[in-house]
Amino acid sequence: MDLIPSFQVDHTLIKPGIYVSRTDTLGAETVTTYDIRMKFPNTEPAIHPNAMHTVEHVVATFLRNDPQWKDQVVYWGPMGCLTGCYLIMKGAPDPEKDLLPLMLAAFRHLRDYEGEIPGASAVNCGNFRLHDLAMAKWEAAQFVSRLEDAPCFAYPVAERIVTDKGAVFYDS
């Protein structure tokens, strides 16, 4: 079985940033999956599930209401490793030119957010008690600082090694 593209990234070298994870063609449409990496994998603590759930709710609400981008947003949600989120968009917006300003706006919005967490009720959410706005705001502030100081856009891809006997390994 082939190793999927997101597992071919060298997670020992990846930094917080905005990366093209994959581009797919669905009929005549291009759909692009972006890795919105908030943490250094395997070196920093992952984002707590309660905070990540709040990141998901607040940022998804922001993205789906942004007048310029709302019609291109297909999906926003957390990575299983809790070091960032995936953003799936119609088309292929440029990570640096298009998505950096969008992510800065979204995470500044979260950093400064006051009030009720959107959709955090038993009627609207499958686990409405699993939220932490204060920690989500702290994580957002950290990510905004990283994007402002040194945004990264080029994935460090693991090398695919094929042995003489046809075995495939991925190495950095």
Side-chain angles (χ1 to χ4, degrees), residues 2-24 31-64 66 69 73-89 92-96 98-113 117-120 125-127 129-160 169-172:
D2 283 339
L3 197 60
I4 64 173
S6 61
F7 296 152
Q8 295 177 32
V9 176
D10 188 337
H11 285 74
T12 65
L13 300 175
I14 198 167
K15 298 175 183 176
I18 302 167
Y19 305 95
V20 173
S21 177
R22 62 181 290 148
T23 303
D24 295 288
V31 178
T32 306
T33 302
Y34 298 91
D35 174 333
I36 310 300
R37 190 66 61 144
M38 298 169 63
K39 297 285 204 173
F40 288 90
N42 301 309
T43 58
E44 291 186 285
I47 300 166
H48 192 277
N50 296 40
M52 183 59 92
H53 193 197
T54 303
V55 168
E56 176 191 12
H57 277 237
V58 175
V59 174
T61 301
F62 178 89
L63 294 172
R64 292 186 182 278
D66 182 272
W69 295 103
V73 174
V74 175
Y75 173 79
W76 168 264
M79 295 175 177
C81 62
L82 300 175
T83 62
C85 292
Y86 285 113
L87 172 62
I88 303 174
M89 306 225 9
D94 182 83
E96 188 169 3
D98 299 319
L99 295 186
L100 177 59
L102 179 61
M103 288 298 103
L104 281 168
F107 280 90
R108 285 176 182 143
H109 172 76
L110 172 54
R111 177 194 66 195
D112 302 334
Y113 189 80
I117 299 163
C125 179
N127 199 356
R129 292 182 188 94
L130 185 76
H131 282 283
D132 186 339
L133 180 58
M135 199 65 208
K137 290 172 68 161
W138 184 87
E139 293 288 2
Q142 298 297 305
F143 191 49
V144 166
S145 292
R146 288 173 169 175
L147 288 179
E148 289 173 339
D149 294 343
C152 295
F153 305 101
Y155 252 158
V157 179
E159 184 180 341
R160 187 176 190 160
F169 298 93
Y170 292 85
D171 196 12
S172 54

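Below, all heavy atoms of this structure are taken into account, side chains as well, without hydrogens, waters or symmetry copies. Position 1 is the first residue of the sequence; numbering continues from there.
Among Phe153, Tyr86, Tyr155, the single residue meeting the ring-ring contact (aromatic ring centres under 6.0 Å, His included) criterion with Tyr19 is Tyr155. Under the side chain to side chain contact (heavy atoms under 4.5 Å, CB included) test applied with Leu87, the options Val59, Val73, Val74 reduce to a single match, Val73.
If you take CZ on Phe107 and CD1 on Ile36, they are separated by 7.5 Å, rounding to the nearest 0.5 Å. Interatomic distance, Leu104 CG to Arg108 CZ, rounded to the nearest 0.5 Å: 4.5 Å. If you take CZ on Arg37 and CZ on Phe143, they are separated by 10.0 Å, rounding to the nearest 0.5 Å. Atom CG of residue Asp132 and atom CE of residue Met52 lie 12.5 Å apart, to the nearest 0.5 angstrom. Once rounded to the nearest 0.5 Å, the distance linking NZ of Lys137 with CG of Asp112 reads 7.0 Å. Separation of atoms NE2 (His48) and OG1 (Thr54) is listed at 10.5 Å; rounding is to 0.5 Å.
The shortest heavy-atom contact between Thr32 and Ala92 is OG1-CA, 3.5 Å. Residue Cys81 comes nearest to Ala46 through the heavy atom pair O-CB, 3.6 Å, listed as atom of the first residue, atom of the second, then distance. In plain terms, the two heavy atoms of Pro16 and Cys152 that are nearest each other are O-CB, 3.7 Å. When all heavy atoms of Gly119 and Cys125 are compared, the closest pair comes out as O-CB, 3.2 Å. What you find for Val20 and Thr23 is that their closest heavy atoms are CG1-OG1, 3.8 Å.
For Tyr34, there are no ring pair (Phe, Tyr, Trp, His ring centres under 6.0 Å) partners, not counting sequence neighbours.
The list of salt bridge (Lys or Arg N to Asp or Glu O under 4.0 Å) pairs with a residue in residues 40-62, not counting sequence neighbours, reads Glu44-Arg146.
Using cut-offs of 30° and 60° on the angle between ring planes, the pair His53 and His131 is parallel.
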Please lay out, stage by stage, how Phe62 and Leu102 fare under the test side-chain contact (heavy atoms from CB on, under 4.5 Å). CA-CA 10 Å; Phe62 178 89; Leu102 179 61; 4.3 Å; yes
